[in-house]
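Before any comments, here is the structure.
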Amino acid sequence: ELEQTLKGKNVLVSAGPTQEALDPVRFLSNHSSGKQGYAIAKAAKALGANVTLVAGPTALEDLNDVNMVHVTSAQDMFDAITSRLDVQNYIIMAAAVADYRPEIVADQKIKKSDEEVTFHFVKNPDILAYIGQHKKENQVICGFAMETQNLEENARKKLESKNCDMLIANNLFTSGAGFQTDTNVVTLLRKNDTQHLPKCSKEELGYKILETMKEIEMEK
Ligand code: C5P
């Protein structure tokens, strides 16, 4: 039995990919498994928090005693999160949200022809940036960044531009890190601090993230 250090706290976690429809049978998505976000939600529950998990389509089972909110597209995820934002204390955006969506969703299956085809994409709302812009005094925000180059530099820029309190940076090309795995190798960035964490399970990283968010809250 763990000490209930997050009792009375409202924690919102996002997890998984989003799916952006092209037509009734096709979509654009990414390789996110949802494992990291689910692991954070599980850790938050074990520490006694009231947990809301906003999840894109994954193969994972719903967590017990967690308020599960299933969504499909980035716009759905934006709506699900922003409508629940005010009461949250800790917000962790672990989802791999699609940056773009097809401008037009065909209402019938797109037929194949002999021609090449071109799609036009428009930008999705940046949920984390929105959360950062509307951050309240009592809220602590954690973002994620997956990069394939200049990891730390890009991650630090993201921490600042999205007004996060902390950011977890993932290098897609490090073994034992990233999509589908049960472990992660990450760098934890705060305003004046950079920590290269050793390889750990996604659940251990969940505890580390929540512990750090609690520290940040106490320092406020
Ligand atoms: O800008 P980038 O996509 O690399 O930022 C990653 C972080 O921003 C993640 O925490 C992700 O969940 C969040 N994000 C978001 N909405 C988007 C794109 C990313 O909340 N449209």
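Just follow the structure's listing: the first ligand is 1, and inside any ligand the first atom is 1.
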In this structure, atom 16 (N) of ligand 1 is nearest to the protein heavy atom Ile127 N, 3.0 Å

Residue Gly143 vicinity, atoms of ligand 1 by number, heavy atom under 4.0 Å: 10 (O)

Nearest protein heavy atom to atom 3 (O) of ligand 1, by residue and atom, and its distance? Asp99 OD1, 3.8 Å

What protein heavy atom is closest to atom 20 (O) of ligand 1, reported as residue, atom name and distance in Å? Leu128 N, 2.8 Å

Taking distance alone, with no angle check, do Ala145 and ligand 1 share an N/O pair under 3.5 Å? no

Compute the minimum heavy-atom distance from Met146 to ligand 1 and say whether it is under 4.0 Å. no

Supply the atom-to-atom distance Asp165 CG to Lys135 NZ, rounded to the nearest 0.5 angstrom. 3.5 Å

Exceeds 12 heavy-atom contacts within 6.0 angstrom, atom NZ of Lys112: no

Which protein heavy atom lies closest to atom 11 (C) of ligand 1, and at what distance to 0.1 Å? Ala95 O, 3.4 Å

Distance-only check: which donor-acceptor pairs under 3.5 Å involve side-chain atoms of residues 100-109, not counting sequence neighbours?
unit_1: Arg101; atom_1: NH1; unit_2: Lys123; atom_2: O; d: 3.3
unit_1: Arg101; atom_1: NH1; unit_2: Asn124; atom_2: OD1; d: 2.8
unit_1: Glu103; atom_1: OE1; unit_2: His120; atom_2: ND1; d: 2.9

Looking at every heavy atom in both Ala169 and Leu189, which two are closest together, and how far apart are they? CB-CD1, 3.8 Å

Nearest protein heavy atom with distance in Å, relative to atom 21 (N) of ligand 1: Pro125 O, 2.9 Å

CG (Asn10) and CG (Leu85) are apart, to the nearest 0.5 Å, by 11.5 Å

OH/Tyr90 to CG/Leu12 distance, rounded to the nearest 0.5 angstrom? 14.0 Å

Give a yes or no on whether Phe144 atom CZ has more than 12 heavy-atom contacts from other residues, nucleotides or ligands under 6.0 Å away. yes

When distances are taken from atom 9 (C) of ligand 1, the protein heavy atom at minimum range is Phe144 O, 3.0 Å

Does some non-hydrogen atom of Ala74 fall short of 4.0 Å from ligand 1? no

Check: Lys158 N/O within less than 3.5 Å of ligand 1 N/O: yes

Going from CG on Asn184 to CD on Glu204, what distance comes out if it is rounded to the nearest 0.5 angstrom? 11.5 Å

The closest protein heavy-atom partner of atom 10 (O) of ligand 1 is Met93 O, 2.7 Å

Salt bridge check: are Glu153 and Lys157 linked by an N-O gap of less than 4.0 Å? yes

Considering heavy atoms of the protein only, find what lies nearest to atom 5 (O) of ligand 1 and give residue, atom and distance to 0.1 Å. Lys162 NZ, 3.0 Å

